[in-house]
Amino acid sequence: MRLHQLFFFIFLSIFFTTSHGNNISLPSTCPVHDCGNGLKIRYPFWIFNTSNQYYCGYTNFGLSCATNGEPILTLPNDQYYVKNINYDNLTITLVDADVVNQTCPRARHNLTIDTLPLGHSDLNLNLKFYFNCSSRPSNLSPIGCLGSYGGLRSYVVSEDNEGGVDVSDLEHNCEEKVVATVMKREINIGELINGFGAAMNKGFVLDWRTMRDCGACEASQGFCGYNNTASKFLCFCDDGQIGEGNCTLGMYSITPLL
Ligand SMILES: *[C@@H]1O[C@H](CO)[C@@H](O)[C@H](O)[C@H]1NC(C)=O
Ligand SMILES: *[C@@H]1O[C@H](CO)[C@@H](O)[C@H](O)[C@H]1NC(C)=O
Ligand SMILES: *[C@@H]1O[C@H](CO)[C@@H](O)[C@H](O)[C@H]1NC(C)=O
Ligand SMILES: *[C@@H]1O[C@H](CO)[C@@H](O)[C@H](O)[C@H]1NC(C)=O
Ligand SMILES: *[C@@H]1O[C@H](CO)[C@@H](O)[C@H](O)[C@H]1NC(C)=O
Ligand SMILES: *[C@@H]1O[C@H](CO)[C@@H](O)[C@H](O)[C@H]1NC(C)=O
Ligand SMILES: *[C@@H]1O[C@H](CO)[C@@H](O)[C@H](O)[C@H]1NC(C)=O
Ligand SMILES: *[C@@H]1O[C@H](CO)[C@@H](O)[C@H](O)[C@H]1NC(C)=O
């Protein structure tokens, strides 16, 4: 064996040894987590902690823990308390951190989920708030608890405007417009002015059905993960192998092939 061949052989050995030991995200690094209130956090949600939890869930579903023991989800515009995660019907219940526990909340941000694998549940209803308006629609009462500033008042209607109120003036004569989501069952459309605060405190429901692939993986003793670079579901199996959907077939190894 010539010298450069020997070096190449040594290089290959080292490469294989180190890359073989480099098993990026084993099941033990993806524990089920609890912020303190008993809500179980697992795939596709995960807790910001060590860097290699990157593969434990979907990139934007990393949760942090609030001091009151509730998990917090940060979406593009705002932060939300996670009230519930239902792993059977794949839904998450959120409350806007800006409005939590307030009797007369003033929504600050629109909910923004467009690029995320989240969808609105059929349980939801959007409320449209118009803040500090100079025009006064004749058939709509202002929200008393938000006050009046130099004659400016605030209004709320359901987004599909079931009352049939003419809001065209409000569209152009208010300081700010914000769409807030609540659950239909928590609010009476005829009582929006008195009921919106309590409804906003109950939050709203989003579904994460598109991240559902986990069932077959767990059934085959795997742990679910997500390759955020490739936008691909991963199933972590024994021996550092990664299944494409489950641990019974279609596995590939993370050891590079030469
Ligand atoms: C991954 O790590 C585990 C535990 O340290 C070990 O048993 C397993 O052989 C490793 N697998 C690979 C492919 O390196
Ligand atoms: C972070 O992970 C380590 C090791 O898994 C664990 O001991 C620790 O409690 C975690 N910290 C938080 C804040 O979750
Ligand atoms: C999910 O299931 C639970 C109980 O099975 C039910 O109470 C809840 O309303 C369901 N949520 C949705 C969004 O369907
Ligand atoms: C809101 O009130 C509930 C019930 O009193 C409490 O458990 C929770 O910690 C409060 N949330 C915040 C963010 O203060
Ligand atoms: C209306 O404007 C006043 C003065 O800028 C401000 O203090 C108040 O918070 C505003 N009200 C709402 C509901 O945004
Ligand atoms: C919320 O969305 C509406 C359109 O649906 C927009 O007109 C409004 O300016 C947005 N408000 C904020 C605070 O971004
Ligand atoms: C994730 O995807 C990237 C890009 O396709 C690939 O290079 C990487 O090896 C994948 N990682 C895992 C653990 O599958
Ligand atoms: C496991 O994965 C293989 C390969 O992707 C697939 O053919 C098979 O149907 C899967 N089994 C289950 C139970 O999902």
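Order of listing sets the numbers, starting from 1, for every ligand and every atom in it. Heavy-atom basis, side chains included; hydrogens, waters and symmetry copies ignored. In this chain, numbering begins with 1 at the start of the sequence shown.
Between the side chain of Asn201 and the backbone N or O of Asn101 there is at least one donor-acceptor pair closer than 3.5 Å.
For ligand 5, the polar-atom distance check finds an N/O of Arg106 within less than 3.5 Å of one of the ligand's N/O atoms.
Ring planes of Phe45 and Phe61: parallel class, angle under 30° (limits at 30 and 60°).
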Are Asp78 and Arg108 close enough, and set up right, to give a salt bridge (Lys or Arg N to Asp or Glu O under 4.0 Å), and what steps lead you there? CA-CA 9 Å; Asp78 200 5; Arg108 301 266 158 206; over 6 Å; no
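Less than 4.0 angstrom separates some heavy atom of Ile242 from each of these atoms of ligand 7: 13 (C). Within ligand 5, the atoms closer than 4.0 Å to a non-hydrogen atom of Ser154 are 13 (C), numbered from 1 in the order shown. Listed by number with element, the atoms of ligand 7 under 4.0 angstrom from any heavy atom of Ala230 are 2 (O), 5 (O).
Between the side chains of Thr91 and Asp207, not a single donor N or O lies within less than 3.5 Å of an accepting N or O. Residues His109 and Asp98 have side chains that bring a donor and an acceptor to within less than 3.5 angstrom of each other.
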Inventory of protein N or O atoms under 3.5 Å from ligand 6 N or O:
unit_1, atom_1, unit_2, atom_2, d
ligand 6, 2 (O), Asn110, ND2, 2.3
ligand 6, 11 (N), Asn110, ND2, 3.0
ligand 6, 11 (N), Lys177, O, 2.7
ligand 6, 14 (O), Asn110, ND2, 3.4

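Tested against Tyr43, the residues Tyr226, Phe233, Phe223 include a single ring pair (Phe, Tyr, Trp, His ring centres under 6.0 Å) partner, Phe233.
On the SG-SG cut-off of under 2.5 Å, Cys247 and Cys217 do not qualify.
Pairs of residues two or more places apart, or lying in two chains, that qualify as salt bridge (Lys or Arg N to Asp or Glu O under 4.0 Å) and include a residue from residues 117-134 are Lys128-Glu171.
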